[in-house]
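The structure under discussion appears below in the form of structure tokens.
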Amino acid sequence: SMFADNSDYTVFNDMNGSLGMIYNKLEGIAANPVFRQAVNAALDMDAIMQAAYSDPKFYRLDSGYMYVEQPEWHSEAGKEYYNIKDMDKVKELLAEAGYNGETFTLLVSSDYQEFYNAAVVIENQLEQAGINVELLVSDWATFLTYRSDSSAFNAFITSWSPVALPTLLNWMTETYPGWVVDAKLIEMEEKLNTSTSKEESIAIWEEMQEYCWSASLPISKFGDFSMLGVASSNIQDMVYHFGPFAYNATVTK
């Protein structure tokens with residue numbers, strides 16, 4: 001960048017969120033968790049993230065729903081179901097799901113180039129795996145209308161920001177589009193919400209993430225992405241952690 005070799009500036013490359021695909025669990029072909037597992041098994045996460053963010057400097061592959069920078073909550077539970085890229089496994093799961101060539105409608109907004117680029121790669125990967133895919137491409141306002149209609153799509157591409165607690169992940173709820181309907185997952189979330197011990201909460205969360213990846217699969221997370229920030233080099237102790245924090249910063253003359 002124009003700031004990289006200029007000693008007047010400090011450049012930060014700050015982890016900023018995750019990119020993924022949220023499945024419609026309420027109705028349609030993706031309401032079958034085995035079909036969702038088949039879709040997930042076909043995905044090459046590195047190719048998807050590279051298409052979305054172009055340079056490995058700006059993304060990383062990680063299966064954790066919470067972040068490496070959140071060591072208490074970050075977990076590798078279920079990572080063996082992440083980035084599988086196994087076409088034999090896909091065929092096996094499609095047969096188990098009773099897939100019969102139905103169209104998988106993937107909703108994506110063209111207003112976000114990274115979302116659209118990811119969707120094009122996913123379309124290609126799933127078609128190669130024997131899944132018929134249709135991209136439903138729209139501007140952001142129309143996307144939001146489609147997203148609220150459970151009959152309009154089977155999955156959509158989106159990103160989400162870091163949250164302080166796993167219970168704040170919006171796609172883990174019954175009301176956010178995609179609509180978690182898995183009674184076991186809902187029960188686990190209620191257990192996590194009412195836990196009074198941090199150790200117990202962490203154990204419940206590990207179990208939840210394992211269950212999500214191995215069985216329920218409310219989403220397929222692709223990876224994490226970062227964003228560049230820049231500050232004048234005379235600003236000391238500026239902290240970047242999911243965004244700039246200036247509370248301890250001082251300006252030198």
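Numbering of residues begins at 1 and proceeds along the displayed sequence.
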What distance separates S18 OG from M49 CE, expressed to the nearest 0.5 Å? 7.5 Å

Quick one, I122 with L135, criterion side-chain contact (heavy atoms from CB on, under 4.5 Å). Give me CA distance, side-chain angles, the key distance, then yes/no. CA-CA 10 Å; I122 291 163; L135 294 186; over 6 Å; no

Can L107 be reached from L26 by stepping across I, L, V, M, F, W or Y side chains whose heavy atoms are under 4.5 Å apart? yes

Are side-chain N/O atoms of Y211 and D182 paired as donor and acceptor at under 3.5 Å? yes

Separation of K25 NZ from R36 CZ (nearest 0.5 Å): 6.5 Å

Side-chain heavy-atom pair P166, L192 within 4.5 angstrom cut-off: yes

If you look at every heavy atom in V137 and S110, which pair is closest and at what distance? CG1-CB, 3.7 Å

Ion pair check, R60 and E69, cut-off under 4.0 Å: yes

Closest contact, heavy atoms only, Q37 versus A215: NE2-O, 2.9 Å

Before accepting this row, confirm whether a basic side-chain N of the pair K184/E187 lies closer than 4.0 Å to the acidic partner's carboxylate O. no

Test your reading of the model: is there a side-chain donor-acceptor pair from W213 to the backbone of M208, 3.5 Å cut-off? no

Run the side chain to side chain donor-acceptor pair (under 3.5 Å) test against E206 and tell me which residues pass, sequence neighbours left out. S75

Do M172 and Y67 sit in one hydrophobic cluster, given that two such residues count as connected whenever their side-chain heavy atoms are within less than 4.5 Å of each other, even indirectly? yes

Quick one: list whatever passes ring-ring contact (aromatic ring centres under 6.0 Å, His included) with W171, sequence neighbours left out. Y65, W160

Taking T194 for its side chain and E190 for its backbone only, find out whether a donor-acceptor pair lies under 3.5 Å. yes

Heavy-atom pair with the smallest gap, counting every atom of S195 and I204: CB-CD1, 4.2 Å

Would you check if L185 and C212 make a side-chain contact, meaning some heavy-atom pair closer than 4.5 Å? yes

Could you state the interatomic distance from NZ (K91) to CD (E96), rounded to the nearest 0.5 Å? 16.0 Å

Starting at CD of E102, measure out to CG of N154 and round the result to the nearest 0.5 Å. 9.5 Å

Distance-only side-chain donor-acceptor flag, N193 / E189, under 3.5 Å: no

Measuring only between side-chain heavy atoms, which start at C-beta, is E27 closer than 4.5 Å to V181? no

So if you build clusters from Ile, Leu, Val, Met, Phe, Trp, Tyr with side-chain heavy-atom gaps below 4.5 Å, do L93 and I29 land together? no

Taking all atoms of both residues into account, what is the closest heavy-atom pair of S109 and D139, and its distance? OG-C, 3.7 Å

Is the side chain of E134 donor-acceptor paired with the backbone N or O of T105 at a distance under 3.5 Å, no angle test? no

Give a yes or no on whether the backbone of W179 and the side-chain of E174 come within a donor-acceptor separation of less than 3.5 Å. no

Is it true that the side chains of S220 and Y23 contain a donor and an acceptor less than 3.5 Å apart? yes

Tell me whether T173 contacts the main-chain N or O of L169 through its side chain, where contact means a donor paired with an acceptor under 3.5 Å. no

Please assess E114 against I157 for the test side-chain contact (heavy atoms from CB on, under 4.5 Å), listing each intermediate value before the final yes or no. CA-CA 10 Å; E114 66 272 31; I157 305 284; over 6 Å; no

Hey, could you give me the CD/OG distance between Q209 and S63, rounded to the nearest 0.5 Å? 6.0 Å

Student check: side-chain heavy atoms of P33 and L217 closer than 4.5 Å: no

Scan side-chain atoms only and decide if S150 and N24 contain a donor-acceptor pair under the 3.5 Å cut-off. no

Mind telling me whether F143 and F156 have parallel, tilted or perpendicular rings, with 30° and 60° as the class edges? perpendicular

Keeping the roles fixed (side chain from K198, backbone from E72), state whether a donor-acceptor pair exists under 3.5 Å. no

Decide whether L136 and V121 are clustered together by the hydrophobic rule: side chain heavy atoms of Ile, Leu, Val, Met, Phe, Trp, Tyr closer than 4.5 Å, transitively. yes

Side chain to side chain contact (heavy atoms under 4.5 Å, CB included) involving S197 - partner list, sequence neighbours excluded: E199, E200

Is there a side-chain contact between N40 and Y82 (heavy atoms, below 4.5 Å)? no

Does Q125 reach the side chain of I131, with side-chain heavy atoms less than 4.5 Å apart? no

V39 to L43 - nearest heavy-atom pair and separation: O-CG, 3.4 Å

To the nearest 0.5 Å, what is the distance between CG (D44) and CG (N83)? 6.0 Å

Can you find a heavy atom in the side chain of Y176 that is under 4.5 Å from one in the side chain of R147? yes

If we only count heavy atoms from C-beta on, is the N132 to Y99 side-chain gap below 4.5 Å? yes

Are V68 and I202 linked, directly or through other ILVMFWY residues, by side chains that come within less than 4.5 angstrom of each other? no

Do the two ring centres, one from F225 and one from F58, sit under 6.0 Å apart? no

Which of parallel (below 30°), tilted (30 to 60°) and perpendicular (above 60°) describes W140 and Y112? perpendicular

